[in-house]
Amino acid sequence: MTDVNYIPSKQGARHNPARTMIELPAEHLERLSSWGGVASGMSYVFRPSTPDSLHEVLLLARRSGRTVGLRGGGNSYGDAATNNENIVVDLRRMKRILDWNPATGRIRVEPGVTLSDLWQYIIEDGWWPPVATGTSYTTMGGSAAMNVHGKNAFKAGPIGDHIIEFDLMLTSGETITCSREENSDVFHAAIGGFGMLGIFTSITMQMKRIYSGLLEVETCTRADLSEMFGYFNQHASESDYIVGWIDSLAGGKSIGRGDVHRANYLAPGMDPHPAQTLRTENQHLGPNLFGVLPRSVMWLLMRPMVRNAGMKVVNKGKYLAGSFSGVKKYQQPHVQFHFLLDYIPDWKKAYEPGGLIQYQPFIPKETAYDAFSEILSLCRRRGLPNYLTVLKRHRPDDFLMSYAVDGFSMAMDFRVTDENRQRVVWLARELDDIVIGAGGRFYFAKDSTLRPETAEAFLGEERITRFRELKRRCDPDGILETDLWRRVFG
Ligand SMILES: Cc1cc2nc3c(=O)[nH]c(=O)nc-3n(C[C@H](O)[C@H](O)[C@H](O)COP(=O)(O)OP(=O)(O)OC[C@H]3O[C@@H](n4cnc5c(N)ncnc54)[C@H](O)[C@@H]3O)c2cc1C
């Protein structure tokens, strides 16, 4: 195979350099990186706090000939929220709750409201976000733009299925309201449209009613991938959430073994003290792990383990401990169940200096077992096992750039070093072939390696053409761009 550039990141301004009239202020230059830390670059960063100041940045972009990339919490693993040598609008200061109805659970928020802000605002009224990602640092704007999913994707679908309407600022400065009835084509394309059609300035969503701050959780181990799939198939209809954690360093007959966690909401009356369990302070993760170890230093302890030999020991230990305890049933606060990855703040630092990428294919249920078995074996054969592997069940949705299937996804974290960088890219190419061959799809929030031809293979030419037409309508001068857009669609 020939050498390839890993995440091409220096592609320069494309908006219209010939039109450059003013220089942007150098004090806005900042280094931004992908969440996984594998790619970084300099951008002019602006942090507007109102729609008017946001519009001013768009005008500045026109006057400077630079493109504009949008950024929420910067939690996309790859280059979806970076825009090297151009403008980046960080929307986290637009974070007001604009309207909340505790009787109906309908909420209207600005795009910079994080999932953490959201659950803390609504929980004591007996509501919970209908879709929760594995970290609570994501913003609602970034979540809508990627159409994120949670551990209940098979039942609740992605966040877009719970969005009632949104206001979208176009690059002209005009704001349009979109819903399933009004501007429906833009509604179905801007959700999951990775910030390429316009800027969400407000989002109205329906929250999920809950009757307790606790979930009924069941955990157990599964001896191989076939048992893992069997568990999902057997329990999906009677569960609100299911997630599988695979030990991807186990081979042979144990390939695909791991733990499964499933959870259900408590029905009305099951919790004798809902007013207490729904209090925010009874949800929070404490500052210490096991009561003694400060969570803030955990990433340092993880650091020596983040390599093949270390992860083999950790995964095996976790699996054996799980098998020994058998099926465990307990009640757990929502926050502790959902945001496991926030337990260890800054855990990605354990992967420094090279960083990590995630690869998350979505494969139809008919072909998923064979494809995931092949993927896990291939990673082992190439000496590049992934260190965190998460299995989820999904259902299809009706968004234009959808990644969803009636099937499964497997998210895999790969450590990147100077030594293995090229091999990781080659491996991703081989995995792409397996995924496309199995009728699978990809998710731009997690992507770092996709090529234009692979995107076309899973999205199809017709969808991409429709998306480009909408982009021309909403952003005729091509002002909105990111490094991801240039890499995959540029
Ligand atoms: C530890 C971890 C766990 C995760 N778990 C999950 C998971 O369980 N499920 C899942 O689906 N994802 C998951 N993700 C991915 C994450 O949810 C998505 O990448 C999400 O989009 C990040 O939100 P953000 O606010 O950080 O957005 P960013 O990463 O900053 O931006 C995401 C995209 O949104 C665009 N954008 C941002 N704001 C706006 C706006 N106001 N208007 C229009 N476009 C905008 C950006 O241009 C970019 O393309 C996880 C990520 C991490 C780091």
Side-chain angles (χ1 to χ4, degrees), residues 32-37 48 51 54 67-83 87-95 109-118 131-153 157-160 166-171 175 178 186 189-203 241 243 338-348 351 356-358 360 362 388 390 392 394 401 403-404 409 411 413 443-448 474-475 480-485 488:
L32 291 179
S33 64
S34 60
W35 186 85
L54 174 60
T67 63
V68 174
L70 308 173
R71 190 171 173 100
N75 292 289
S76 294
Y77 276 72
D79 49 359
T82 57
N83 191 23
I87 293 174
V88 168
V89 178
D90 175 339
L91 288 142
R92 280 176 300 179
R93 289 181 66 221
M94 290 179 66
K95 52 182 287 188
V109 299
E110 284 193 322
V113 166
T114 63
L115 184 53
S116 174
D117 300 330
L118 182 65
V131 168
T133 45
T135 173
S136 61
Y137 304 129
T138 47
T139 64
M140 289 305 110
S143 298
M146 285 306 185
N147 205 9
V148 299
H149 61 269
K151 299 174 183 71
N152 55 354
I159 187 91
F166 56 77
D167 286 334
L168 192 73
M169 185 182 283
L170 308 181
T171 48
T175 295
C178 304
V186 180
I191 294 176
F194 39 95
M196 287 301 103
L197 300 190
I199 307 154
F200 298 113
T201 51
S202 85
I203 304 170
Y241 299 97
V243 60
H338 285 288
F339 309 129
L340 201 61
L341 295 170
D342 293 351
Y343 267 62
I344 305 179
D346 294 327
W347 60 267
K348 64 179 176 178
Y351 285 83
L356 76 154
I357 64 160
Q358 192 172 97
Q360 184 179 14
F362 292 69
L388 181 67
V390 177
K392 289 185 196 144
H394 298 265
M401 302 300 266
Y403 56 82
S409 75
D413 287 1
Y443 182 24
F444 294 117
K446 306 293 184 73
D447 173 56
S448 297
C474 296
D475 177 24
L480 293 172
E481 279 199 355
T482 55
D483 292 323
L484 167 80
W485 172 258
V488 182

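Just follow the structure's listing: the first ligand is 1, and inside any ligand the first atom is 1. Computed from a prediction, not measured in an experiment: that's the story for all the values here. Basis for what follows: all heavy atoms, side chains included, without hydrogens, waters or symmetry-related copies.
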Interfacing atoms of ligand 1 (cut-off 4.0 Å, heavy-atom, [X]):
X    : answer
G141 : 38 (N), 39 (C), 41 (N), 45 (C)
L91  : 38 (N), 39 (C), 40 (C), 41 (N)
R71  : 30 (O), 37 (C)
K446 : 12 (N), 13 (C), 14 (N), 15 (C)

Between D483 and T82, is any side-chain donor less than 3.5 angstrom from a side-chain acceptor?
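Yes, T82 and D483 have a side-chain donor paired with an acceptor closer than 3.5 Å.
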Within the structure, does [X] bring an N/O atom to less than 3.5 angstrom of an N/O atom in ligand 1?
X    : value
G72  : yes
G142 : yes
I199 : no
T139 : yes
T138 : no
F194 : yes
S76  : yes
N75  : yes
G134 : yes
K392 : yes

Option nearest [atom] (shortest heavy-atom distance, choices [options]):
atom                    : options               : value
atom 2 (C) of ligand 1  : N83, V148, T135, D483 : T135
atom 52 (C) of ligand 1 : Y77, W485, F200       : Y77
atom 34 (O) of ligand 1 : G193, A145, A153      : A145

At under 4.0 Å between heavy atoms, which part of [X] makes contact with ligand 1: side chain, backbone, both or neither?
X    : answer
Y443 : side chain
H149 : both
K151 : neither
L341 : side chain

D79/S34 under side-chain hydrogen bond (donor to acceptor under 3.5 Å, both in side chains): CA gap, chis, key distance, verdict:
CA-CA 5 Å; D79 49 359; S34 60; over 6 Å; no
Kindly assign one of parallel, tilted or perpendicular to the pair F194 and W485, based on the angle between their ring planes and the thresholds 30° and 60°.
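Aromatic pair F194/W485 classed tilted.
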Take the angle between the ring planes of H149 and Y443 and call it parallel below 30°, perpendicular above 60°, tilted in between.
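Ring orientation of H149 relative to Y443: tilted.
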Could you go through the side-chain hydrogen bond (donor to acceptor under 3.5 Å, both in side chains) check for D167 and S202 one step at a time?
CA-CA 5 Å; D167 286 334; S202 85; 3.1 Å; yes
What verdict does the side-chain hydrogen bond (donor to acceptor under 3.5 Å, both in side chains) test give for T171 and D475, after you've listed the backbone C-alpha separation in whole Å, the side-chain angles of each residue and the deciding distance to 0.1 Å?
CA-CA 6 Å; T171 48; D475 177 24; 3.0 Å; yes
When rounded to the nearest 0.5 angstrom, what is the spacing between OG1 in T201 and CZ in F166?
10.0 Å
Which residue holds the protein heavy atom closest to [atom], what is that atom called, and what is the gap in Å?
atom                    : answer
atom 18 (C) of ligand 1 : A445 CB, 3.8 Å
atom 49 (O) of ligand 1 : A80 O, 2.9 Å
atom 33 (C) of ligand 1 : M146 CE, 3.8 Å
atom 47 (O) of ligand 1 : L70 O, 2.7 Å
atom 24 (P) of ligand 1 : G73 N, 3.3 Å

With the threshold set at under 4.0 angstrom, would you say G198 reaches ligand 1 through any of its heavy atoms?
yes
